[in-house]
Structure formats: C-alpha cells, structure tokens
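The structure appears below as structure tokens.
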Amino acid sequence: MSGDFTKRAPIALNDPTLRRNFRRAMDGLMLKRAAQFTDTQAWAELRERGTAAKARVIARLPELLELLEAKCTENGIQVHWAESVAEANAIVLDLLKAANVKKVIKGKSMVSEEMELNHHLEANGITAVESDLGEYIIQLAHEAPSHIVMPCIHKNKAEIAQLFAENIEGLAYTEDVDELTAAARKALRGEFASADAGISGVNFAVAETGTLVLVENEGNGRLSTTLPPLHIAVMGIEKLAETLDDIPPLLALLPRSATGQPITTYVNMITSPRKTGEKDGPQAVHLVLLDSGRSRVYDDLELRDTLRCIRCGACMNHCPVYTRVGGHSYKFVYPGPIGKILTPQLEGLDCAGDQPHASTLCNACVEVCPVKIPIANLLVRLRTEAVRPTTSLGVKGAGSQRSWRETMGWRGWAFMYAHPVVYAVATRLMARLGNLIPANAPMLREWTKIRTKPKFAGKTLHELAREKGYDHE
Amino acid sequence: MTELQRPNRPETVYFFGTCVVDLFYPMAGLAGMELLKRQGIRVVFPPDQSCCGQPARNSGYLDEARAVALKQIETFPNDWPIVVPSGSCAGMMKTHYPDLFEGRPEHAAAKAFGARVFELTDFLVNVLDVKLEDKGQPVRVTWHGSCHSMREMGVIDQPKQLLRQLANVTLIENPREKECCGFGGTFAVRQPEISTAMVTDKVAALEETGAAEVISGDCGCLMNINGAMEKAAKPMTGRHIAEFLLERCK
Amino acid sequence: MSDLSNAARSRIMARLKAAPTSVPPELPAWSPPAYLPDERLARFTALMEALHSEVYEVTAADWPERLRTILSNRGINRVMYAPATQAGRQLADTWTNDAPTLVAYDRPVEELKDTLVSGVDAAVTTTLGGIAETGTLVLWPTPDEPRLMSLLPPIHVALVEADSVVDNLAGLIAQAGWAKAMPTNAVLISGPSKTADIEQTLAYGVHGPKELIVLVIKRV
C-alpha cells in the first residue's frame with residue numbers, strides 16, 4: 001500500500017487532545033450546517049442550481065478560461081498561466097521582484113499552500129506574513145493547515161495561548177479569545193501597513209465579467225487585496241463561475257455548507273485595479289491560473305466531477321475518518337474526502353494510493369456536498385485505477401497498486417461466488433469448520449484485537465431455507 | 001436517493017439472503033422470510049444466489065464484481081420484488097448494478113433488476129403496511145441504521161416505525177445514529193486503527209443510550225459492533241431487526 | 001504575459017481542448033427567498049442585529065445629529081467621512097464643533113495611510129442598499145468614497161436608505177444589471193469583522209471594524 005496515510009493516521013488516533021479538538025469542532029460544525037438547511041425542498045433546489053452552475057463551468061472550461069482571461073485583461077487584471085507549482089512560484093516571484101517587494105501579506109489561499117509559496121518566497125528573501133487568524137497561528141507554529149476552511153482547527157485555546165505568549169512581544173499568557181484576537185489584530189496591522197504586496201486566493205472567478213469573488217469573515221482578505229499597491233491572486237483553473245448570476249446560488253451554498261453561516265461577513269468582488277481618480281486599491285492586479293494536474297483530471301469524464309469542488313470543507317466536517325485522524329494525517333494540502341479523491345489524482349496513485357481506501361464509503365460526504373460530487377463512487381473508481389487502469393491518458397500512477405496475490409485472490413473469490421456449486425460446497429464447509437480458524441490468523445489478527453471472531457453459524461441460510469421449503473418456486 | 005417504485009402488494013417475492021447472513025447470521029435471514037410469509041406472501045429463496053458483489057466492487061475489482069452480479073441477475077429471473085435483509089447489499093444491487101454495467105449490453109437488465117430490489121424493513125412498511133402485535137416483555141432498545149441503508153436506500157424511519165409499533169418496546173434514539181460504525185468491509189482490515197477508533201466510539205454511543213439491546217438491519221455492522229461489545233464484555237448485544245420483530249410477535 | 005506563461009497557457013489549453021466533451025446541463029430554476037414589503041426591512045434589521053450590528057432608524061434630515069449623539073456617547077474622537085459625497089457634505093454642513101473631529105478621506109491612500117490604519121476611530125459611508133435575505137449591506141466604493149473606509153477604522157457607520165433594501169442578491173444583480181458594468185470593487189458586508197479560528201469561539205474586529213453601526217434612513 002503506497003502512501004503515508006496508513007502510517008500517519010495512528011499517530012493522530014493516539015493523541016487524545018487532538019481527537020478531542022477535532023471531535024468537538026466537527027460536532028459543532030455539523031450542527032451549524034444542519035441548522036442552515038432545515039428546509040429540505042429549498043436545499044434540494046439550491047443544490048441542483050449550484051451543482052448545475054459548476055457542472056456547466058466544467059463542461060465549458062476551455063472556452064470559459066479564455067473568456068475569463070479576455071475579460072480580466074480588458075479590466076486591467078493581468079493574467080498568467082502556470083502548468084506546475086514551480087511555474088506558478090516563478091511567476092509570483094518575478095512579479096514581486098519586478099516591484100521590488102520585500103514583504104507580502106497573504107490572505108487565506110489553499111492554492112498558495114499547494115504551491116508552498118511562503119517557503120519559496122522566504123527562500124528568495126521575501127517575507128510572507130499570513131493574515132488569516134488561523135493561518136497566522138499555524139505560521140507561528142510552523143505547521144500546515146489541518147482543514148481547508150479552518151486551518152488551525154486542530155489546536156485548542158490553551159495551545160494557541162501558549163503560542164501567542166511565546167511569539168507576540170509584550171503579550172502575557174491569556175486564554176481570553178477576545179484578548180488573543182486583539183493581540184493578533186495589533187500584530188498584523190503593522191504588517192498590512194508595511195506590506196508591499198498582497199497575495200490572495202479566489203473563491204469564484206466570474207468569466208462573464210472578469211470578476212474575482214473572495215469570501216471571508218475577518219477582513220484580512222479585503223485588506224490584502226486593497227491596501228498594498230500590488231495584488232496577486234492565485235487560483236486553480238477550475239474555480240470559475242460562468243456568470244454573475246451564478247454567484248448568488250453558489251454564495252448561498254458555500255458558507256452555509258462550510259461553517260453554517262448564511263453568508264460570510266465579507267464578499268469581496270474585485271473587477272479591476274485602482275482606476276484613475278480612485279484613492280485606494282492596488283495599482284496592479286495579477287491573476288495566476290494554476291493547472292498542476294487539473295487538466296489531467298479533466299481528461300476523464302467521470303473523474304472531472306472532482307473539479308466541481310467549491311472548497312467548503314463540509315465533506316471533511318462530516319467524515320468519520322477525518323474527524324478521528326485530523327488533517328495532518330493526509331500529509332497533502334487537501335485532507336478529508338475531497339483530498340482522498342483529489343490528492344491521488346494530482347500527486348499520483350503511486351504516492352497517495354492508500355488514500356482512496358481510507359474510507360468506509362459511508363457516503364456522509366456525498367450527502368452534504370453542495371455540488372453533488374459523487375465522492376464515494378470516485379473513491380471506488382480510483383481504487384480501480386490503482387489496480388486496473390481503464391483510461392488512455394490515465395490517472396498518475398495508475399496500476400501502481402497491482403499485486404499478483406490480490407488479483408488472484410479476487411479472481412478466486414469471483415469464481416466461488418459466481419459458481420453456485422462451488423459456493424455451496426465452500427460455504428457449507430466454512431459454516432462447519434470456520435470457527436476453528438484461530439483468532440490470530442492473518443485475516444483476523446487486526447479484527448480480533450478489539451473484537452471477537454465472527455461466529456460461523458454451523459448451517460448456512462441456504463441450508464435452512466431448503467429445510468423450510470423456501471428454495472423452490 | 002432514487003424514488004422507489006412501489007409495487008402493489010405482490011403474491012410472491014424473492015429473498016436475497018446476502019453472504020454475511022448466509023454464513024454468520026442465517027437466523028436473521030430465516031426470520032426475514034418468516035416475517036414476509038406471515039403477511040401471506042409466498043417467499044422464494046433461489047438456491048443459486050451468493051453475494052451481491054460489493055466486496056469486489058469496493059476494492060476496485062470491477063470485472064470480478066460484474067461476474068458475481070451477473071450471476072445474481074440470472075438467478076432472479078421472474079418479475080417479483082427482491083427483498084434483502086441488508087441496506088448495504090440492497091444499495092449495491094439497486095444503485096451500483098446499473099453503474100457497473102453502464103455502456104454494456106447487460107445494462108438494461110441490471111437496471112431492471114435494481115428497480116426490483118427492496119430493503120426488508122422498507123418493504124414491510126411501505127409495501128406491505130404491516131401491523132405488528134407485540135407479545136414480548138418490556139424492553140428498551142436502540143437502533144443502528146447502516147450508512148448504506150440510510151444514504152443509498154433512504155431507509156431511515158421505516159425500521160423505527162416497525163419498532164414503535166411494538167407496545168412493550170421503548171426505542172431510545174442514538175444521537176450519533178448517522179455516524180458510521182467503522183466496518184466498511186475491507187476497510188476494517190486495511191485501516192484497522194481507524195476502524196477500531198470508530199467502532200469504539202460507536203459502542204460508547206450505543207451504551208450511552210442505556211438500551212438493553214441494539215437493533216440493526218445490517219449484519220456487517222452487527223458483526224463489527226457485536227464483536228467489539230463482546231470483546232469488551234459489555235452487557236449490551238446487537239441483533240438483526242428481523243429476528244427481533246419475529247421474536248416479539250411470536 | 002511572459003514566454004513561460006504563454007507556453008504554459010498553450011499546453012494547458014491544448015490538454016483541456018483535447019479532453020472528451022460533455023453537454024453542459026441546463027440551469028434548473030431556482031428562486032431565492034422573497035418577502036412582503038413590510039417584512040423586508042424588519043428582516044434586514046433583525047438579521048443585521050443578529051449579526052452583531054447596531055441598527056438605528058433615522059431620517060434624511062436628522063441622521064447627522066443622531067450620528068453625532070451615537071458617536072459622542074461612545075467617546076469617539078475622530079470620524080472619517082467622504083467630503084465629496086452628498087452625505088459627506090450634509091454631515092460637514094451640520095457638524096458642530098463639540099462633536100468628534102471630522103477627518104476627510106480626500107487624498108490617495110498613500111498620503112493618508114497612517115490616519116487610516118490607526119488615526120481614526122470610525123468612518124461613515126453610504127451604501128448602495130441592503131439585502132433582507134441575509135442581513136447584508138451592499139457597497140460599491142467610489143473615487144469619492146473609497147474602499148478602505150469600511151474596512152480599516154474600528155467602527156464602520158453605514159447609511160442605508162430604507163427603500164434600497166431588496167429581498168436577495170440574485171434579484172439585485174439581475175435588476176440593476178451588475179453584469180454589464182462591475183465597479184472596481186463591490187463588497188457585501190454582513191456584520192463586523194469576525195473570526196472563530198480559536199476553538200470556534202466568535203471574536204469580533206480581528207482585522208476589519210469591530211463594530212458596525214447601521215443607520216436606516218426612513219422616508220418621513
């Protein structure tokens with residue numbers, strides 16, 4: 001089994017504080033979301049509308065990207081294309097260097113996490129300061145986000161209080177959330193004022209108008225995109241909306257699914273840099289479009305449903321696996337159910353091949369996904385690709401999990417279950433002798449650590465049905 | 001969730017026992033058939049049936065899953081409803097058989113087969129409209145709904161409606177009912193630590209209800225939950241709803 | 001666009017265009033919630049308050065006076081305003097000397113940065129309207145009333161004409177024809193700046209205003 005997930009998960013499972021932090025947070029988020037969608041009819045209609053909006057984007061992706069580029073350019077937003085994270089980093093660095101930037105202030109952006117942009121900038125002598133409170137906290141802790149919407153959800157108040165006391169000058173240890181928040185405001189105000197550039201993500205880029213839509217609660221996103229003289233937005237090539245009319249339904253889905261809020265405090269729609277006569281706003285706005293494997297995902301009509309994702313995080317909030325292992329077990333940027341289908345496609349089944357199997361296929365994610373991504377079916381599809389590639393271009397690392405033993409095992413299984421005589425003999429034998437299998441047999445060893453052995457019944461239902469006369473027409 | 005096409009009360013139904021019931025919980029299967037028979041329905045258990053094919057499908061071995069699925073489709077040729085004492089196997093046959101054969105000559109047959117599949121409690125409530133008479137002693141039970149019965153078959157309240165019909169049975173709701181027990185077929189073997197954490201939490205939540213017994217409609221979950229409860233020497237046990245209902249009404 | 005970017009663009013677009021095609025689905029009908037005229041404002045107000053904002057009913061004539069009282073009661077010293085807007089002129093014309101000092105946003109941010117970042121206690125802006133569905137203010141900042149006014153000072157005071165409150169965003173975008181001419185920046189504001197990043201505990205004013213005061217101007 002390739003990938004680190006299986007090895008990393010037990011570390012989190014055995015950390016009671018982490019388990020408590022996640023459980024508490026996810027329980028709260030599930031309740032809040034549920035309270036937003038009590039009208040099932042309205043939810044169903046809204047969901048259909050949002051799903052269709054994103055499905056149309058995916059169906060028309062090439063032409064919409066061209067339209068977005070044309071509209072942005074017309075509006076004065078300069079568009080750049082990057083095939084890989086290395087190219088995206090190079091583009092951003094060039095732009096910053098050309099403007100002689102020493103410090104950037106960052107709004108929350110998962111694509112910038114994907115790029116490991118901060119690391120890249122620091123290595124090139126540019127200071128990058130995260131301004132979203134959660135991102136700021138994990139930057140202080142030198143950690144990665146553990147959730148795509150709430151990056152420091154794995155930390156509790158006491159851990160954050162300790163971190164702040166150690167890192168913010170003049171701040172005494174306090175667990176008062178208002179005081180901690182005020183301290184962050186104070187610390188970051190200066191950073192905003194002195195930053196030479198702001199970097200943000202994008203929630204929806206409207207192709208029709210060339211508008212970048214950003215949602216947030218804190219105001220750091222607005223500050224990052226308004227106060228510094230230069231704004232660079234980074235986004236995946238799939239995060240489009242066809243028209244402005246699609247924004248209201250998508251906005252009605254995103255924050256409600258994510259945090260159970262009817263709307264975020266701010267919805268920031270950016271259509272151009274500062275125009276003549278305007279007194280604030282950046283003089284230049286750049287949009288970096290990142291592919292990094294997405295066009296490969298796009299090549300498959302089934303797998304491309306992955307690209308509908310609006311990054312609300314509801315799938316992870318409702319995932320019984322994520323809730324227990326937390327975001328860091330997944331190692332890659334996108335954890336939880338969406339990560340389990342996205343990561344193996346972006347990074348390859350050869351290095352994240354265990355992730356599609358880290359699911360009971362319970363469908364909790366499918367039930368809440370606002371854009372109806374068939375996550376469970378895609379997990380199965382990726383499990384298939386890992387052992388038996390079906391497409392021409394193929395998922396990266398397809399076939400890498402093939403094993404002779406497993407293949408023969410399933411062939412034998414199919415032979416038995418598709419041949420009634422073989423099945424009858426085998427099951428009658430198992431029913432009678434199965435209980436003799438020792439609890440530490442390879443197949444049972446893990447199972448019986450905390451469970452008793454499954455008990456064979458002595459006689460199969462087939463036999464009992466026959467005795468009772470159910471087996472004939 | 002697909003809207004179920006409700007047949008009128010049929011004279012005859014097929015019973016698909018499932019492979020887990022066949023080997024480990026045959027009494028649940030027998031009880032399911034008995035419940036149907038008591039409603040005056042003729043029950044046919046085709047002896048050539050085996051497994052819905054879900055284990056292979058969920059593991060990514062679709063050819064193998066299709067081979068087994070095709071055999072089941074052949075084994076239930078008449079136009080009778082197919083009643084299944086498991087939401088998970090029913091979900092496989094109803095929703096995933098058509099997917100498995102998408103673009104293949106067998107697709108129409110798979111779709112028609114899927115349309116005839118019913119989860120047992122759903123069939124008892126929505127097709128047969130059963131009225132149960134409780135003859136048992138007072139008991140407090142809680143319900144464990146399987147993920148697939150809830151989310152693939154839309155079976156959420158049907159089993160509870162049956163339990164609520166029983167005068168001496170107090171149904172205590174489990175606030176964490178919607179959360180997976182951690183079985184997941186091969187998941188329990190591939191991710192044993194996570195599965196362990198999930199079933200441990202599930203057992204704790206079930207215990208917290210204070211019920212004497214946990215009733216479920218899926219034997220996969222029961223094998224997991226019962227195994228964990230027994231190993232931890234918990235006083236609570238789990239049972240398939242068919243067995244429970246039959247015992248109460250006898 | 002650089003050569004690098006150009007090359008990336010053609011490779012990405014080539015892959016996307018070579019991929020199998022599918023028919024875009026039709027957009028299903030969807031109607032956002034609508035309200036009766038007398039419900040609309042009540043809902044807007046109630047939601048704004050639920051979102052930790054203060055809402056006052058004022059008139060076109062008395063709002064500067066009311067604002068002065070509200071701010072004086074809070075011990076506010078310096079209030080930023082937009083001198084070239086009609087509201088700004090009205091404010092300046094009726095402002096008395098004992099009130100908080102008015103600070104004009106009359107120069108580019110580069111010349112006013114310190115004041116904006118830490119030199120004023122509040123700022124007053126107009127709005128394009130309000131949205132009843134979510135309790136939301138709609139702002140289209142202008143050269144006369146720039147973007148940072150509603151963002152940097154600790155208190156944001158927003159003037160909303162009661163008649164400009166609409167049912168929902170979808171209707172506003174469609175009826176006002178936003179798609180034809182989007183401004184440099186359009187912003188929806190629902191309450192003061194907030195965060196729940198520390199243990200899901202709500203805290204206000206993490207980066208933007210800690211308080212949002214909404215003056216709803218009712219027609220007399």
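Residue numbers start from 1 in every chain, and the chains themselves are labelled A, B, ... in the order their sequence lines are given, proteins ahead of strands.
- Both the backbone and the side chain of A:L464 come within contact range of chain B, judged by heavy atoms closer than 4.5 Å.
- With B:H148 contributing its side chain and A:L361 its backbone, the two residues share a donor-acceptor pair below 3.5 Å.
- No hydrogens or angles considered: a donor-acceptor pair under 3.5 Å links the side chains of B:S195 and A:R451.
- Contacts of A:N377 with chain B are made by both backbone and side-chain atoms, with heavy-atom separations under 4.5 Å.
- Between the A:R388 side chain and the B:Y61 main chain, no donor and acceptor come within less than 3.5 Å of each other.
- Atoms NE2 and CG, on A:H419 and B:D48 in that order, are 11.5 Å from each other to the nearest 0.5 Å.
- Highest contact tally toward chain B, considering only A:G434, A:A12, A:G458, A:A465, is held by A:A465 [criterion: heavy-atom pairs under 4.5 Å].
- Interface remark: of the candidates A:K449, A:E446, A:H462, A:H462 forms the most heavy-atom pairs closer than 4.5 Å to chain B.
- A donor atom on one side chain and an acceptor atom on the other are not found under 3.5 Å apart for A:Y417 and B:E64.
- Under the 4.0 Å criterion applied to side-chain N and carboxylate O atoms, B:E102 and A:R381 are not assigned as salt-bridge partners.
- We find that A:E367 and B:K178 are joined by a salt bridge, their nearest charged nitrogen and carboxylate oxygen being less than 4.0 Å apart.
- Ranked by non-hydrogen atom pairs under 4.5 Å with chain B, the options A:A376, A:A386, A:A424, A:A414 are led by A:A414.
- Chosen from A:N363, A:I450, A:T323, A:V321, the residue pairing most often with chain B at heavy-atom distances under 4.5 Å is A:I450.
- Within the 4.5 angstrom heavy-atom criterion, atoms from both the backbone and the side chain of A:F456 approach chain B.
- Put simply, the side chain of A:R445 does not reach to within 4.5 Å of the side chain of B:P192, judged on heavy atoms.
- Contact annotation for B:A197: both backbone and side-chain heavy atoms come within less than 4.5 Å of a heavy atom of chain A.
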